[in-house]
Each structure stands twice: as structure tokens, then as C-alpha cells.
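Side-chain atoms are counted along with the backbone in the values below, which use heavy atoms only and exclude waters and symmetry mates. Fair warning: this is a prediction, and the values are worked out from it, not measured in the lab.
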Amino acid sequence: MDGVNRYLPGSLSPLPSFRHRLKQGGYSLYDLIITSAVASVLGMGAMGMSSLLQDARMTAAVNQLMGHLSLARNEAIKRNVRVTLCKSRDGVACTGASVWQEGWLVFADDNKNHKLDVGETILHVQEALSGNMTLHYGESGTYTYMGYNSAGEAIRAATFTFCDRRGAEKAKGIIVYWTGRPRVTTKTSEDKPLRCS
């Protein structure tokens with residue numbers, strides 16, 4: 001402390017000075033344990049945040065489609081025409097080659113042919129879903145359209161199933177009953193687990 005060397009009794013080696021001890025680097029076992037604990041908590045928090053973000057994306061997508069189903073049903077009753085939802089990759093035409101997560105159209109299907117024709121009114125254009133989500137309609141996932149008649153009843157009543165990379169365990173569905181009313185669910189109409197493939 002005062003710059004004077006101190007010696008151990010019976011030894012010619014000086015005790016290390018305070019300054020010299022400060023220069024010695026390294027971490028204690030206690031430091032490493034605390035650092036590892038903090039890192040693992042932050043890692044688990046990041047995983048939890050990722051799952052929360054995926055939950056939020058899926059909930060938003062489900063709510064969006066629920067809104068479009070409600071719009072289609074209400075417009076079918078109000079306009080006294082069939083209103084159709086169809087898969088659409090470009091927001092201009094219905095196409096069976098696309099998949100539901102790439103987008104869809106809601107339109108007044110005056111001639112009931114499930115295709116958007118010249119003169120038919122587009123009620124909504126939905127762009128592709130975000131977050132690597134998949135969406136299919138029907139047990140086989142091959143239904144390319146659904147719709148409502150002027151009484152508000154569903155044409156091709158089935159289940160929309162939303163999935164992401166977490167698989168069927170986190171899947172959500174919208175069951176569309178023939179009466180036209182949709183319901184959000186985590187099971188099929190037979191109370192079985194939803195399928196993502």
C-alpha cells in the first residue's frame with residue numbers, strides 16, 4: 001500500500017503488493033455460475049418471446065379470417081346474392097393452383113360459379129399470411145372456395161386450419177357450420193385434434 005515490500009517470516013520472497021494482486025485476471029467459480037444462470041434465463045426468455053410472437057401472429061390471422069367470413073355472410077344476406085371466398089395468389093383472380101395462405105378474395109358471386117368474373121364486386125382482397133403459416137380448408141385441404149347463399153347459409157361448410165412450424169399441437173381452426181356461423185377452435189367438429197397435413 002505504501003510501496004514498501006513486506007516479507008513473510010523466514011522467507012526472502014516479498015508478499016505481493018495490492019497493486020500486483022489487482023493485475024491478476026480471471027473469473028472465480030462464483031462469477032461463472034452467476035453468468036451461466038443469467039445467460040440461461042435470457043435464453044429461455046428469448047424462446048418464450050418467440051412463442052408469444054407466433055401465438056400473436058396466429059391469433060391475428062384467425063381473427064382476420066373470422067372478420068372476412070362475417071363480412072361475406074352479412075353481404076350475402078344484405079345483397080341477396082351468393083358471396084364467395086376463393087384462393088387467390090395475385091388478388092385479381094381465383095385460382096386452384098394457389099394455397100390459402102397466399103391470399104384470398106371475397107366477392108359477390110352473381111352467377112354462382114365460384115370465380116371472379118367481369119362486373120362482379122370485390123368486397124375484400126387478402127394478401128399472403130406472414131410468419132411461415134399454412135392454411136387449408138376442408139378435411140383434405142383441397143377446397144378452393146367457400147361461400148354463403150342469400151340466406152346466410154354456408155356453401156361447403158368445413159374447417160379452416162391454421163398451422164405454423166410448431167405443428168398440430170399449436171394449430172387453430174375455424175369451423176364453418178352449414179348454418180353459416182363460424183367458431184374458433186383447437187379441435188375438429190368431431191372433437192379430434194386438428195391436422196396440419
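A donor-acceptor contact shorter than 3.5 Å is absent between the side chain of E75 and the backbone of A72. Here the side chain of E153 pairs no donor or acceptor atom with the backbone of T179 at under 3.5 angstrom. The main-chain N or O of A158 is found under 3.5 Å from a side-chain atom of Y137 such that the two form a donor-acceptor pair. The backbone N or O of A93 lies less than 3.5 Å from a partner atom in the side chain of S88, making a donor-acceptor pair. Of the possible donor and acceptor atoms, none in the side chain of Q126 sits under 3.5 Å from a partner among the backbone N and O of W104. One N or O on the side chain of R89 and one on the backbone of A97 form a donor-acceptor pair closer than 3.5 Å. Judged by distance alone, with hydrogens and angles left aside, the side-chain atoms of D109 form no donor-acceptor pair with the main-chain N or O of R82 at under 3.5 Å. S98 places no side-chain N or O within donor-acceptor distance of the main-chain N or O of E102, the cut-off being under 3.5 Å.
Cluster annotation: I155 and F107 are assigned to distinct hydrophobic clusters (Ile/Leu/Val/Met/Phe/Trp/Tyr, side-chain heavy-atom contacts under 4.5 Å, transitive). Under the 4.5 Å side-chain heavy-atom criterion for grouping Ile, Leu, Val, Met, Phe, Trp and Tyr, L135 is connected to V184 within one hydrophobic cluster. If you chain together hydrophobic residues whose side chains sit under 4.5 Å apart, Y148 and L123 fall into the same group. Clustering ILVMFWY residues whenever any of their side-chain heavy atoms sit less than 4.5 angstrom apart, transitively, puts M66 in the very cluster that holds M133. Cluster annotation: Y143 and I175 are assigned to distinct hydrophobic clusters (Ile/Leu/Val/Met/Phe/Trp/Tyr, side-chain heavy-atom contacts under 4.5 Å, transitive).
In this structure, K87 and T95 have side chains that are not in contact, with every pair of non-hydrogen atoms separated by 4.5 Å or more. Using a 4.5 Å cut-off on side-chain heavy atoms (C-beta onward), L129 and Q64 make contact. Side-chain contact between K192 and K187 is absent, with no heavy-atom pair separated by less than 4.5 Å. Using a 4.5 Å heavy-atom threshold, the side chains of D164 and M58 count as touching. I174 has its side chain within reach of L65: a pair of non-hydrogen atoms, C-beta onward, lies under 4.5 Å apart.
Counting all heavy atoms, side chain and backbone alike, G152 lies closest to R73 at O-NE, 2.8 Å. The minimum heavy-atom distance linking P182 with L69 is given by the pair CB-CD1, 3.9 Å.
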Evaluation steps, side-chain contact (heavy atoms from CB on, under 4.5 Å), between L194 and F162: CA-CA 9 Å; L194 294 169; F162 293 81; over 6 Å; no
Evaluate R195 against C163 for side-chain contact (heavy atoms from CB on, under 4.5 Å), listing each step before the verdict. CA-CA 9 Å; R195 293 170 52 191; C163 296; over 6 Å; no
Any chance you could lay out the side chain to side chain donor-acceptor pair (under 3.5 Å) test for D117 and N111, step after step, and finish with the verdict? CA-CA 9 Å; D117 296 309; N111 61 5; 2.8 Å; yes
Show your working on side-chain contact (heavy atoms from CB on, under 4.5 Å) between E120 and K115 and close with a plain yes or no. CA-CA 9 Å; E120 292 181 329; K115 296 176 183 175; over 6 Å; no
Given M146 and F160, is the side-chain contact (heavy atoms from CB on, under 4.5 Å) satisfied, shown in steps? CA-CA 10 Å; M146 72 83 54; F160 283 98; 3.8 Å; yes
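One finds the CD atom of E169 at 10.5 Å from the SG atom of C196 (value rounded to the nearest 0.5 Å). One finds the NE2 atom of H68 at 11.0 Å from the CG atom of L105 (value rounded to the nearest 0.5 Å).
The 12-atom threshold is exceeded at CZ of R183, counting heavy atoms of other residues, nucleotides or ligands nearer than 6.0 Å. Shown here is N74, whose CG atom has more than 12 heavy atoms of other residues, nucleotides or ligands within 6.0 Å. Annotation for R57: atom CZ counts as buried by contact number, over 12 foreign heavy atoms lying within 6.0 Å.
When each of V106, L71, T144 is checked for a side-chain contact (heavy atoms from CB on, under 4.5 Å) with L85, only V106 meets the rule.
R156 forms a cation-pi arrangement with Y145, by the criterion of a distance under 6.0 Å to the ring centre and an angle within 45° of the ring axis.
Under the 4.0 Å criterion applied to side-chain N and carboxylate O atoms, K172 and D55 are not assigned as salt-bridge partners.
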